[in-house]
Amino acid sequence: MAASIRRHRTIRGPWAAAEARREMHGLVADALLAGKAVSEVTEADAMLVVSEPVSNAVRHAGGGCSVDLALRPDAMDIDVSDHSREPPRPRSPSPDGDGGYGWGIIARLTSEPTVVCHGSGKTVHARIDLRR
């Protein structure tokens with residue numbers, strides 16, 4: 001696989017995280033059709049990673065976001081953009097189920113997790129190394 005395999009989707013509403021996971025599954029299926037198998041562990045990690053910023057966009061940034069996924073020969077890039085310029089605030093996990101796990105999950109499962117604020121909001125970027 002020399003070129004990147006890409007998927008883009010604009011999503012909103014209470015089912016946005018499920019739609020993002022479906023889009024991730026579609027990327028993995030596209031990769032398989034192109035002759036590049038993605039391991040089940042990597043796919044499961046990617047499902048968690050894409051769900052977190054999408055869930056936060058629904059909860060904290062007005063509900064809408066765009067998901068851009070790219071599978072390159074050595075890595076999978078996940079970008080989630082929303083309309084809030086407020087960056088994620090890492091915090092301690094809450095035992096009452098009120099969150100606090102997201103950024104820790106992203107940091108643990110990816111390399112290069114970043115947040116870039118821009119004129120129309122922000123983009124959360126994460127990269128999963130396929131050679132791990």
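Owing to the predicted nature of the structure, the values given are computational and were not obtained by experimental measurement.
- Nearest heavy-atom pair, V49 versus A126, reported as atom, atom and distance to 0.1 Å: CG1-CB, 3.9 Å.
- When all heavy atoms of A20 and V54 are compared, the closest pair comes out as CB-CG2, 3.8 Å.
- With respect to V28, the side chain to side chain contact (heavy atoms under 4.5 Å, CB included) criterion is satisfied by exactly one of L69, V38, T42: V38.
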Derivation and outcome, salt bridge (charged side-chain N to carboxylate O under 4.0 Å, His left out), residues D77 and R72: CA-CA 8 Å; D77 287 320; R72 300 181 301 119; 3.0 Å; yes
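- What you find for S55 and A17 is that their closest heavy atoms are OG-CB, 3.6 Å.
- The structure places CH2 of W15 at 9.5 Å from CZ of R22, a figure rounded to the nearest 0.5 Å.
- Side-chain contact between E52 and I105: present, with at least one pair of heavy atoms (C-beta onward) separated by less than 4.5 Å.
- Residues H8 and V67 are not in side-chain contact: their nearest non-hydrogen atoms beyond the backbone lie 4.5 Å or more apart.
- Between the CG atom of L109 and the CZ atom of R127 there is a distance of 15.5 Å, given to the nearest 0.5 Å.
- Between the CG atom of D30 and the CD atom of E23 there is a distance of 8.5 Å, given to the nearest 0.5 Å.
- Within the 4.5 Å cutoff, the side chain of L71 has no heavy atoms near those of the S4 side chain.
- Note that CG of L48 is 12.5 Å distant from CZ of R108, once rounded to the nearest 0.5 Å.
- Considering only heavy atoms from C-beta on, L27 comes within 4.5 Å of I5 through its side chain.
- Using a 4.5 Å heavy-atom cutoff, the side chains of C65 and T10 are not in contact.
- Using a 4.5 Å cut-off on side-chain heavy atoms (C-beta onward), D68 and R6 make no contact.
- Between L130 and P73, the shortest heavy-atom distance links the atoms CD1-O, 4.0 Å.
- Of all the heavy atoms in G119 and R85, the pair that sits closest is N-NH1, 3.6 Å.
- A donor-acceptor distance shorter than 3.5 angstrom exists from the side chain of K122 to the backbone of E86, with no hydrogens or angles considered.
- Between R7 and M24 the shortest side-chain heavy-atom distance does not fall below 4.5 Å.
- R9 and S66 form no side-chain donor-acceptor contact under 3.5 Å, judged by distance and modelled atom types alone.
- Judged purely by distance below 3.5 Å, without hydrogens or angles, the side chains of E112 and H125 never pair a donor atom with an acceptor atom.
- H60 and S84 share no side-chain donor-acceptor pair at under 3.5 Å.
- Judged by distance alone, with hydrogens and angles left aside, the side-chain atoms of T110 form a donor-acceptor pair with the main-chain N or O of I106 at under 3.5 Å.
- The shortest heavy-atom contact between V124 and P88 is CG2-CG, 4.3 Å.
- Linking Ile, Leu, Val, Met, Phe, Trp and Tyr residues whenever their side-chain heavy atoms come within less than 4.5 Å places V80 and Y101 in a single cluster.
- Contact annotation: the side chain of V115 approaches that of W103 to within less than 4.5 Å [non-hydrogen atoms, C-beta and beyond].
- Considering CD1 of I128 and CD of E43, their distance stands at 10.5 Å, rounded to 0.5 Å.
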